[in-house]
Amino acid sequence: MHVVLPDGKQLDLPDRATGADVAAAIGPGLARAALGLRVDGRLSDLLTEVPAGATVQILTGRDSADVIELQRHTLAHVLAQAVREHLEAEGHAPTSVRLGIGPVIEHGFYYDFDLPRSLTPDDLEAIEERMRAIVAADLPLERTVVERDAALARYRALEDPYKVELIEDLPEDVPITFYRQGGETGFSDLCRGPHVPRTGALPTHFKLTSLAGAYWRGDERRPMLQRVYGVAFADAAALEKHLWQLEEAKKRDHRKLGAELDIFTLDDDIGPGLPLWLPRGTIIVEELERLAHEVESAAGYQHVRSPHLSKEQLFIKSGHLPYYEESMFPAMVIDDQKYFVKPMNCPFHHKIYAARPRSYRDLPLRLAEYGTCYRYEDHGALMGLMRVRSMQMNDAHIYCTEAQFEAEFMGVIELYLHYFDLFAIDSYVMRLSKHAASGLGKKYVDEPELWIRTEAMVRSALERGGINFVEAEDEAAFYGPKIDVQITSAIGREFTLATNQVDFSQPGRFDLTYVDEDGQRKTPLCLHRAPLSTHERMVGFLIEHYAGDFPLWLAPEQVRVVPIADRHLPYATEVAERLTRDGLRAEVDGGNDRMNAKVRSAELKKVPYIVIVGDTEADAGTVSFRSRKEPQRNGVPLAAFSDHLARHARERAGQVEGLT
RNA sequence: GCCAAUGUAGCUCAGUGGUAGAGCAGCCGAUUCGUAAUCGGCAGGUCGUCAGUUCGAAUCUGACCAUUGGCUCCA
């Protein structure tokens, strides 16, 4: 047989040659340096046979981006070996350490175990030490293909249900391979590879980072395994950089900044996931509301209000009961009637639609409300402002005809893009979430042909609008497909921010109709949309996005006026009054600290402008300022300064043009 | 909800069986100062909660609550 090298040359080899044979045939130096290979572009390893005629590229330490994948994968096996040795050394039977899966992930790897006891953080240190010993021992890896029955028999003998299940689920035509490190008596694991050829080829720049529970195969009805996470990098600098980035991310964490900047707080007496907005946080929320109100009014929305409670009947009609009941706070009984706190605003808006007969002339009807909803989220899922139980939706429902659908849908997408531009959000993924036929009647309303039709409508609207998106199976809303915008927060967690959902179900359930031009009663479509997500999540995201350094228009306190001595207090007050009159949020620091201390405390609160006034300024009617937004200036006339700030705040400017 | 870790003053943290500590923040006083911490004093805690062990518990044990990291779920 022969293979093709990257330069196009053909290399003759005996049949069943492995990657290592290819490297050896090219030269002894390369054979020593080789760590893996790409076969027809796909990552493979030296232990695997190369198919005849394939294009083969040998990877060495220089191809670190590829090799690190192999190394992380092998490190997962080294981790498993170390965990087994660690527990065996304590006297546990080797078979009591059962292995789940151990894949490569971003920055590293993990391995899931079913163990005779819980691991502790101290164990991680000991396990890491054993891993380093395994790396230092430079154990050779071997790959063997095993008959399905032999593989099953092996794991049945070990009473390992996990590997048996994995093998049983492998398609018949896939060869079952094992990787073994350390020879006959070494550590062996079911694995499709690829791996580095020996543990000595692993970087020592790895670290076990955390310990977590994880359901077997991600299914909450199945056993919970213990997962050990690790990170690994090709060199020390990359590991250091990664750890440093984690530290930096922690500084942006909205929970930390939210407390430091007096934005929100959580109180045990109130309850988990029920945040309190402090005055400074309330300013931010109200600025968002003002923004949304302006943008929506210009886009033809009307604003409505609805109560927080309703009789169960409403949610039976909407279809939320019973399928959504476990996410709702339990009912309260009043006058022998069950009432629920609302988890969504939509049923109320449907009732507003139904409050009078509607004509096609009323459509599209766009009803907006920033109503607070309550959802009984799993305790373990709560997280700062990002995942809460009381949330103010940036909500609206658009009722329209099928003919109007595309324009309305794109109008909402344009709202997103407008907001993303305003907030300089440039890294996000738009996702079209679709139904799965298997969920019809359970997770999704049982209207197969409507699902297919609306999904096609959404897809064509997006394509015609030139919007990039990915499609996600089995992630739709109960009542229709949706477009979500996924963002990654500063601390590396993914969240859904904006959402835009098509609803072909609820209008019918509520008997919503309009009289069309032809005099016929017809059922409108409904769009549920929340381009600013919930105000809780949006503020949480913005805190991290700006690292607490808000643009002027969002900053809770825009100007801090610092008098140099007490005698400058009257002028400082005059400055603040002028700024306030121009619509700015300004405070005077009249305390008895030294000026330096006052500047420091204003900086710690990340106040965008600190105005310093002393004799010079008071005499001339000017201000001197230092700013987080533009270079420091002295002796600026008060009126010019106030106009400058007021203009930027009014325009919701992201960047400030320096005052000239 | 599940697995694990953590919980001491508003914040950051010390205190491993013998009467609760520090710095910062707060309050009071002195200082009146030119772009990131002036000095002194005062006050502040049922050590997450409830039980248990003990002559004695912040410290040991248990249950519960909350937070954090994950899993599941989601705006």
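Numbers restart at 1 for each chain; the letters A, B, ... are given by sequence-line order, proteins then strands. The structure presented is a predicted model; accordingly, all values stated were derived computationally and were not measured.
Residue contacts shown for A:Met595 are limited to sugar-phosphate atoms, with no base heavy atom under 4.0 Å away. Among the atoms of the strands shown, base atoms are found under 4.0 Å from some heavy atom of A:Asn592. If you check every strand for non-hydrogen atoms under 4.0 Å, A:Gly380 touches a base. Within 4.0 Å of A:Ser118, counting heavy atoms only, lie sugar-phosphate atoms of the nucleic acid but no base atom. Within 4.0 Å of A:Lys482, counting heavy atoms only, lie sugar-phosphate atoms of the nucleic acid but no base atom. The residue A:Asp268 sits close only to the backbone: its heavy atoms come under 4.0 Å of sugar-phosphate atoms, none of a base. When heavy atoms are screened at a 4.0 angstrom cut-off, A:Gly540 is found touching no nucleic acid atom at all. Residue-level contact check: A:Leu266 touches neither bases nor backbone, having no heavy atom under 4.0 Å from any strand. Across all strands, A:Ala381 comes closer than 4.0 Å to base atoms (heavy-atom distances). A:Gln632 comes within contact range of at least one nucleobase, with a heavy-atom separation under 4.0 Å. Nucleic acid contact class of A:Val388 (heavy atoms, under 4.0 Å, all strands): base. Residue-level contact check: A:Glu377 touches the bases, meaning some heavy atom is under 4.0 Å from a base atom. If you check every strand for non-hydrogen atoms under 4.0 Å, A:Asn634 touches a base. Within the nucleic acid shown, A:Arg567 comes within 4.0 Å of sugar-phosphate atoms alone, with no base atom in reach, counting heavy atoms only.
Annotation: B:rA20 and B:rA9 have their P atoms spaced 15 Å apart (nearest Å). The separation of B:rC27 from B:rG17, taken at their P atoms, amounts to 39 Å, rounded to a whole angstrom.
Side-chain atoms of A:Asp474 and A:Tyr444 include a donor-acceptor pair closer than 3.5 Å.
Scored by the side-chain contact (heavy atoms from CB on, under 4.5 Å) test, A:Glu574 finds A:Tyr571 as partners (sequence neighbours excluded). Applying the side-chain contact (heavy atoms from CB on, under 4.5 Å) rule to A:His92 yields the partners A:Leu87, A:Glu90, A:Ser96, A:Pro116, A:Arg117; only residues at least two apart in sequence or on another chain are considered. A:Lys250 pairs by the side-chain contact (heavy atoms from CB on, under 4.5 Å) definition with A:Glu247, not counting sequence neighbours.
Under the Watson-Crick or G-U wobble criterion, with both distances below 3.5 Å, B:rA4 is paired with B:rU68. Nucleotide B:rG26 is matched to B:rC42 when pairs are restricted to Watson-Crick or G-U wobble geometry with both distances under 3.5 angstrom.
Under the 6.0 Å distance and 45° angle rule, A:Arg72 does not count as a cation-pi partner of A:Phe109. For the pair A:Arg375 and A:Phe329, the cation-pi criterion (under 6.0 Å, within 45° of the ring axis) is not fulfilled.
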Which atom pairs, donor and acceptor, lie under 3.5 Å between side-chain atoms of residues 260-268 of chain A and protein residues at least two apart or in another chain?
{"unit_1": "A:Glu260", "atom_1": "OE2", "unit_2": "A:Lys256", "atom_2": "NZ", "d": "3.1"}
{"unit_1": "A:Asp262", "atom_1": "OD2", "unit_2": "A:Lys605", "atom_2": "NZ", "d": "3.0"}
{"unit_1": "A:Asp267", "atom_1": "OD1", "unit_2": "A:Asp269", "atom_2": "N", "d": "2.7"}

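Comparing A:Asp378 and A:Gly271 by the nucleotide of RNA chain B that holds the closest heavy atom to each, the one mapping nearer the 5' end is A:Asp378.
Heavy-atom distances under 4.0 Å link RNA chain B to A:Ile612, A:Gly614, A:Asp615, A:Thr616, A:Glu617, A:Ser624, A:Arg626 of residues 605-627 of chain A, given in residue order.
Nucleotides of RNA chain B lying under 4.0 Å from heavy atoms of chain A occupy a range whose first and last members, 5' to 3', are B:rG1 to B:rA75.
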